[in-house]
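Okay, so here's the structure we're looking at.
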Amino acid sequence: MKRVALLLPDENNPYQQHLVREAQAAAGSDVEMLPPRFAGGLAMNQIPQIFEAIRATPRADAILIMMAGGEALEKTLEKVVREGIACIFLNRTPSFVGSLRALSPETLIASVKPDQRRIGAIQAEQCLALNPASGFVLLVVGALSTPSAVERRDGFRAAVGRRLEVHDLEGNWTSAGAEHALRDWYRLGADRQRSVKAIVCQNDPMAEGVHKVLVEHGPEARAIPVLGCEGLPEEGAKAFGRGVQLVTIGPEGPEPR
């Protein structure tokens with residue numbers, strides 16, 4: 001039976017917990033899915049986890065990894081593929097995949113990721129359906145140090161073109177981060193007196209944080225449409241059902257209210 005290690009950045013991230021459940025369900029009785037390891041958001045914590053997987057007895061046959069931070073794990077993962085251990089990247093394709101394949105052509109090196117630009121484009125289509133002519137919208141992005149946030153933003157901006165004016169706020173993928181960013185914008189933003197036609201959030205926790213701030217600012221702010229993304233059963237779908245956000249993008253696609 002093949003043994004597979006699952007390495008993820010953040011134990012408190014609902015999306016990553018969803019990935020754990022999906023991986024365990026897919027493994028079934030045919031694959032031994034090792035207990036997931038989390039890195040607390042730090043690449044330096046994933047390095048010993050990788051070595052643990054390849055030095056264990058018996059060792060892992062494959063590593064599924066969502067890299068924490070940037071691309072600091074290249075040298076460590078070179079050791080993995082030299083050992084003939086398969087390496088599958090989740091959520092993004094690092095720039096050094098080609099180099100890893102060159103080191104060990106017979107070893108499986110692959111990546112599985114969403115079409116992030118298309119996700120941004122879908123959110124743009126939803127937003128344009130609300131504001132077909134023109135308007136000013138806030139786009140609450142995740143951490144712009146992550147490729148997924150940048151690609152979703154670029155997909156959104158490309159799809160809306162000049163039809164909407166878009167101002168970015170960085171919410172760091174969390175409800176608290178989005179709350180802080182929107183409160184700061186209401187307090188200090190150069191465009192804070194403008195009429196906001198919609199607030200588009202790159203995930204559902206940030207939509208929750210935005211909703212809290214809008215409630216604080218009264219009925220007019222509360223009426224601003226909030227768009228989320230991900231639609232996980234334990235967070236986005238529930239928020240969607242409570243009317244926190246107008247729409248989310250779930251595993252099966254857009255879910256309009």
> What residue among S99, P94, S95 forms side chain to side chain contact (heavy atoms under 4.5 Å, CB included) with V97?
Replying inline: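 Only one of S99, P94, S95 forms a side chain to side chain contact (heavy atoms under 4.5 Å, CB included) with V97, namely P94.
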> Hey, which of L6, L7, I65 is the one that makes side chain to side chain contact (heavy atoms under 4.5 Å, CB included) with L90?
Replying inline: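 Single pass found, and it is L6.
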>> Before you tell me yes or no, could you show the steps for V137 and C127 under side-chain contact (heavy atoms from CB on, under 4.5 Å), namely the whole-Å CA-CA distance, both residues' side-chain angles and the distance that decides it to 0.1 Å?
In response: CA-CA 9 Å; V137 302; C127 196; 3.8 Å; yes
Once you round to the nearest 0.5 Å, how far does [atom1] of [X] lie from [atom2] of [Y]?
| X | Y | atom1 | atom2 | value |
| --- | --- | --- | --- | --- |
| S134 | R162 | OG | CZ | 14.5 Å |
| L8 | N13 | CG | CG | 9.0 Å |
| H211 | E216 | NE2 | CD | 10.5 Å |
| L139 | R157 | CG | CZ | 7.0 Å |
| K75 | L73 | NZ | CG | 12.5 Å |
| E32 | K2 | CD | NZ | 12.5 Å |

With side chains defined as the heavy atoms from C-beta onward, is the minimum distance between [X] and [Y] less than 4.5 Å?
| X | Y | value |
| --- | --- | --- |
| F89 | L100 | yes |
| T174 | P205 | no |
| L64 | V4 | yes |
| H18 | E230 | no |
| P58 | R3 | yes |
| F51 | K79 | yes |
| I85 | R59 | yes |
| P114 | I119 | yes |

Answer yes or no: is there an ion pair linking [X] with [Y], defined by an N-O contact shorter than 4.0 Å?
| X | Y | answer |
| --- | --- | --- |
| R183 | E179 | yes |
| R92 | E151 | no |
| R118 | E125 | yes |
| R187 | D184 | yes |

> Any chance the side chains of Y15 and N91 put a donor and an acceptor closer than 3.5 Å?
Replying inline: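 Side chains of Y15 and N91: pair found under 3.5 Å.
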>> Is it true that Q116 and R152 share a donor-acceptor pair across their side chains at a distance under 3.5 Å?
In response: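 Distance-only check passes for R152 and Q116.
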What is the minimum heavy-atom distance between [X] and [Y], and which atoms define it?
| X | Y | answer |
| --- | --- | --- |
| A53 | A5 | CB-CB, 4.0 Å |
| M66 | L19 | CE-CD1, 3.3 Å |
| K197 | G135 | CG-CA, 3.7 Å |
| A124 | A159 | CB-CB, 3.4 Å |
| Q49 | F38 | NE2-O, 2.8 Å |
| A181 | E170 | CB-O, 3.5 Å |

Joint hydrophobic cluster, [X] plus [Y], side-chain heavy atoms closer than 4.5 Å:
| X | Y | value |
| --- | --- | --- |
| I63 | L34 | no |
| V112 | L108 | yes |
| M67 | V81 | yes |
| V226 | V213 | yes |
| V20 | I50 | no |

>> Could you go through L164 and L128, starting from their C-alpha distance and side-chain angles, then the distance that decides it, and tell me whether this counts as side-chain contact (heavy atoms from CB on, under 4.5 Å)?
In response: CA-CA 8 Å; L164 298 174; L128 287 168; 3.8 Å; yes
> Do other residues, nucleotides or ligands put more than 12 heavy atoms under 6.0 Å from H180 NE2?
Replying inline: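 No, NE2 of H180 has 12 or fewer neighbouring heavy atoms, counting only those of other groups under 6.0 Å.
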>> Given the ring of F136, does R194 sit roughly above its face, with NZ or CZ under 6.0 Å from the centre of the six-membered ring and within 45° of the axis?
In response: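 Judged by the rule (NZ or CZ under 6.0 Å from the ring centre, within 45° of its axis), R194 counts as positioned above F136.
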> Is the NZ or CZ atom of R153 both under 6.0 Å from the centre of the six-membered ring of F156 and within 45° of that ring's axis?
Replying inline: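 So R153 doesn't make the cation-pi contact.
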Quick one: does [X]'s side chain have a donor or acceptor within less than 3.5 Å of a partner on [Y]'s backbone?
| X | Y | result |
| --- | --- | --- |
| R101 | I109 | yes |
| R222 | P219 | no |
| Q16 | D10 | yes |
| D204 | C229 | yes |
| Q123 | C201 | yes |

>> Evaluate Q202 against W173 for side-chain contact (heavy atoms from CB on, under 4.5 Å), listing each step before the verdict.
In response: CA-CA 8 Å; Q202 288 186 339; W173 298 116; 3.7 Å; yes
> V150 and V141: side-chain contact (heavy atoms from CB on, under 4.5 Å), yes or no, with the steps?
Replying inline: CA-CA 8 Å; V150 173; V141 302; over 6 Å; no
